[in-house]
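Nothing fancy with the numbering, it's 1 onward along the sequence. Heavy-atom basis, side chains included; hydrogens, waters and symmetry copies ignored.
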Amino acid sequence: MNHFEMRSSERTLSWRITQVGFVSLMCCGIFPHNTQQESSQQCQIIPGSMSLPVLEKKGDITLGGLFSLHDMVEEHSVSYTSAPPPTQCTRFNFRTFRWMQTMIFAIEEINRDGRLLPNITLGYKIYDSCSTPHQALRAAMELMGTEKSSVQSKETCHGNIPAVIGDGGSTQSLVVARFLGVFHMPQVSYFSSCACLSDKKEFPAFLRTMPSDFFQVDALVQLVKHFGWSWVGVIAGDDDYGRGGANIFADKVRTLGACVALHEIIPKNRAPAAVSSIVSKIRSSGARVVLVFAVEQDAAALFDEALREDLTGIQWLASEAWSTAAVLSSPKKYHQILQGSMGFAIRQTHIPGLQDFLLRLNPAGADVPENPFLKPFWEEVFQCSLGLTTNGQEHTDERKPPCSGSEELGNVTNIYSDVSQLRISYNVYKAVYAIAHALHAIRSCVKGDPHCPEPDNIQPWQLLHHIKQVTFVNSFGDEIKFDENGDPAAMYDLVNWQLAANGGMEITTVGTFDEMSGKQELQIQEQNIIWNGNRTKVPLSVCSSICPPGTRKAIRPNFPICCHDCVVCTDGEISNQTDAIECVRCLPEFWSDSQRMACIPKEVEFLSFSDTMGVVLTAISLIGFFCTCTVVVIFIHHRATPIVRANNSELSFLLLLSLTLCFLCSLTFIGRPSQWSCMLRHTAFGITFVLCVSCILGKTIVVLMAFKATLPGTKVMKWFGPAQQKAIIIFSTLIQVIICIVWLFVAPPTPRKLMPRESPIVILLCDEGSPVAFALVLGYIGLLACLCLVLAFLARKLPDNFNEAKLITFSMLIFCAVWVAFVPAYISSPGKYSTVTEVFAILASSYGLLGCIFAPKCYIIILRPEKNSRKHLLSRVATDKF
């Protein structure tokens, strides 16, 4: 089988029904008693059995017909002590009766025209299969051979029936096709669409003018995909048509990533409890789009229960079995729930003359006794009693009034006379013409061909060969042909049930599906669609709400893939589409916006002059600069005083200059880093601090050597005069200058962006370039500071009334403490705070030097001028211990 594999239980059921038929045929003597005497084959029926009602018209070639004129068969209890009562079919179907009349119309049209089959008259022999496989098989068996036909043709087991048109239902056709396939009797169905019937190994003689469900399901799946429905319910009839089509649909929908919300079966007995359970499951599933893949009788049972339980707001999808069924579209009670329904129906056409042909019927005609189906039809249409008896049909209802004889079909409007939606009727019409064209081909074939029989002795297998080869364009411009599976080309109309102004239901075509059209098989005019509830907006049917941009779908454990939660994208990730499977991480220099819908450039962070921290540090730096300038002014104004001249005033002024530069160099660390600012800040910092510490080192050496020079016979001071002090400062600073020059040439500091994945900011800072060079700069400053500290500590108790060694000792202690604490703080500080740490260390050490060395002198100069005298400096005052 090419498209669908039937369930084993369904196969077993239909095969068992066929086996019953085979056993009956053997009892009827269809198979010869002596295989060596083929000429003695005879067809006999079981004595006492009753023939089925048949509508028959003789012709040179008689076509068989199977139509489900009734929807049900009443089951009688069997006592096995007497003959069972005749089978009684109930619930007459006007729609199927129109199909049967269309077959008769097409046959009479061919006979009347005479060009297609000149000198040949087609007849018909039509049975009612009553919508049941058992009744369809009985009818097929009678078409194969009856008591009368065996007398007329004793050499065959099929009488003069070369082909059968029917049946309508797929389940009936499955049983009949297995039976007729044994004898290679061609069977052309007008409404059986089950994909399983395309299997030529199992059904070699089956053809149809109805497209396979495989294509209908493909169209339905494309419809679901087009409108984005991911949570769809499936309800199927309990037959081969419903189960087969629903299973194919469910499998194909899942391959799209959609899910089946529920998959239920309408039982054939249509038990109220079972149907009520289905309606409850539809309500609880949350599905707003439900496909009903069932015949119109099963669909009606479901919708009746939906009305009772007030199930509304469902967008129903119809299979072609009921997508144009007037039995559902005509009653106003269904309008509330079925308005807006949508489904695929085979192409329609207008058949000229058919309506007049349909309205010609009248029980007063001469052929009434030979038409067993006219009586129940007439009584059902006009709800009156004709008072006639027809064997095998339902009895006359005594409660109905007798017919007056003035009833006319033209005065009533019903499904039978409605020719506005000729779809299945057109299939019947095409089936008759396909067989007629095959018969025409047989009459035109070349003798000697094994498939070219005698015109008066056409074998079914020969006709089957020619039907498979049929290709013609009918009077409506449609090409009729069958593929290798006996299927026609699949062409559907997408129909929408819309309420008309007069309150009736109109079946409006809003699209097409054509498998031969290429890639774009489905064409939809969305602007013409009216959805359930008289809305123009496409209904939403999802297990979970659509995840908006900025979120992603997270699958719920133990739920179908269509059921999910919407999770907001994490920081740094976005999704700019609905129902995103995953969030996309932004590039390193970008960050997600507050809606997580777009990546925006990260905020650049650096120590700027507009930051609060930058403003504070700038203010502290400028205050230190102005304080240093103030000390310079004070020292210049009192440059002749002893306290200024003590310990080399030139070094004091040079130290104040270097402190001024130290305060100013901290400003280079504030602002947007650039190539020049990065090189300037580190080198200026390193050189100015070395200059500052070198000056302090020079002052310490002067203090220490000055005391040593007071000892008898010492000539040390000649080695530490002003020139030597300057040389020490220049030499000490020159070393740092050389380190910085090498640093700038080998691996200069450069601006660098730190873009941490989990941070919304880009940190702009100066990379040292060479950590070794940076360590050498700091290490050299530390070395000079430690040397100053040691020398100052040694000179702290020298007998001098104004001994700077104490002040230098305190300043170096603060200096070293600050820079020892700086190293771990600098390494551990994130982002711009590492720069803040470095600026703080520069300012703290600068303030320490300024405060410890110059604040006491300024205090004496300004507030204690009596101590700023030579006498006071030369006086011997015991010094405090330090």
Side-chain angles (χ1 to χ4, degrees), residues 1-18 21 64-68 99 129 131-133 136-137 139-140 163-220 236-249 251 293-295 319-321 344 346 424 427-428 430-431 434-435 460 464 467-468 470 480-492 515:
M1 192 173 299
N2 295 337
H3 305 307
F4 176 66
E5 184 176 346
M6 294 292 297
R7 293 189 177 183
S8 59
S9 59
E10 297 167 1
R11 291 178 177 273
T12 304
L13 175 62
S14 57
W15 179 243
R16 286 179 179 174
I17 295 174
T18 309
L66 295 175
F67 294 87
S68 298
W99 301 346
S129 62
S131 302
T132 60
L137 183 59
V164 176
I165 295 177
D167 198 340
S170 294
T171 302
Q172 295 91 279
S173 289
L174 277 167
V175 177
V176 173
R178 282 200 178 94
F179 172 68
L180 297 181
V182 175
F183 308 99
H184 293 278
M185 170 75 75
Q187 173 190 359
V188 184
S189 176
Y190 48 85
F191 199 32
S192 298
S193 58
C194 180
C196 57
L197 288 165
S198 297
D199 185 359
K200 293 302 103 180
K201 291 182 180 179
E202 215 172 332
F203 311 103
F206 181 84
L207 304 98
R208 52 186 165 188
T209 54
M210 181 75 185
S212 168
D213 281 340
F214 180 82
F215 300 105
Q216 180 193 181
V217 168
D218 191 32
L220 287 167
D238 192 12
D239 50 33
D240 297 307
Y241 168 75
R243 286 181 178 271
N247 287 339
I248 299 176
F249 176 82
D251 291 341
F293 214 105
V295 296
S319 64
E320 40 73 28
F344 287 95
I346 58 174
I424 310 303
N427 277 0
V428 176
K430 290 188 289 185
I435 295 176
L464 176 62
I467 295 177
K468 290 180 177 179
V470 159
I480 311 300
K481 64 179 180 179
F482 303 98
D483 62 15
E484 66 276 6
N485 297 318
D487 297 330
M491 292 181 291
Y492 296 97
E515 64 157 326

Student: State, to 0.1 Å, how close Phe293 and Val217 come at their nearest heavy-atom pair, and which atoms those are.
Tutor: CE1-CG2, 3.9 Å
Student: Would you name the heavy atoms of Pro460 and Pro186 that are closest together and state the gap between them?
Tutor: O-CD, 3.4 Å
Student: Can you tell me how far CG of Leu137 sits from OG of Ser129, rounded to the nearest 0.5 angstrom?
Tutor: 11.0 Å
Student: Within the distance-only criterion (no hydrogens, no angle test), does the side chain of Thr171 pair as donor or acceptor with the backbone N or O of Asp240 below 3.5 angstrom?
Tutor: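 Side chain of Thr171 to backbone of Asp240, a donor-acceptor pair under 3.5 Å: yes, one is there.
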Student: Compute the ring centroids of Phe67 and Tyr190, then answer whether they are less than 6.0 Å apart.
Tutor: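 Yes - the distance between ring centres of Phe67 and Tyr190 falls below the 6.0 Å cut-off.
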Student: Run the side-chain contact (heavy atoms from CB on, under 4.5 Å) test on Phe206 and Lys200 for me, step by step, so that the C-alpha distance in whole Å, both residues' side-chain angles and the decisive distance to 0.1 Å come before the verdict.
Tutor: CA-CA 8 Å; Phe206 181 84; Lys200 293 302 103 180; 4.0 Å; yes
Student: To check you understand the geometry: which heavy-atom pair defines the closest contact between Ala294 and Ala321, and what is its length?
Tutor: O-CB, 3.4 Å
Student: With rounding to the nearest 0.5 angstrom, report the OG to CZ distance, Ser198 to Arg208.
Tutor: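 It is 4.0 Å, given to the nearest 0.5 Å.
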Student: With rounding to the nearest 0.5 Å, note down the distance linking CG in Asn485 to OG in Ser212.
Tutor: 8.5 Å
Student: Taking all atoms of both residues into account, what is the closest heavy-atom pair of Val175 and Pro133, and its distance?
Tutor: CG2-CB, 3.8 Å
Student: What's the separation between atom OG1 in Thr209 and atom CD1 in Ile165, rounded to the nearest 0.5 Å?
Tutor: 8.5 Å
Student: Using every non-hydrogen atom in the two residues, find where Ala177 and Gln187 come nearest and quote the distance to one decimal.
Tutor: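 Closest pair (atom of Ala177, atom of Gln187, distance): CA-OE1, 3.1 Å.
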Student: Compare every heavy atom of Pro211 with every heavy atom of Ala489, then report the nearest pair and how far apart it is.
Tutor: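 Reported closest heavy-atom pair: O-CG, 4.1 Å.
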Student: When you look at Gln216 and Ser193, which way does the side-chain hydrogen bond (donor to acceptor under 3.5 Å, both in side chains) test go after all the steps?
Tutor: CA-CA 9 Å; Gln216 180 193 181; Ser193 58; 4.5 Å; no
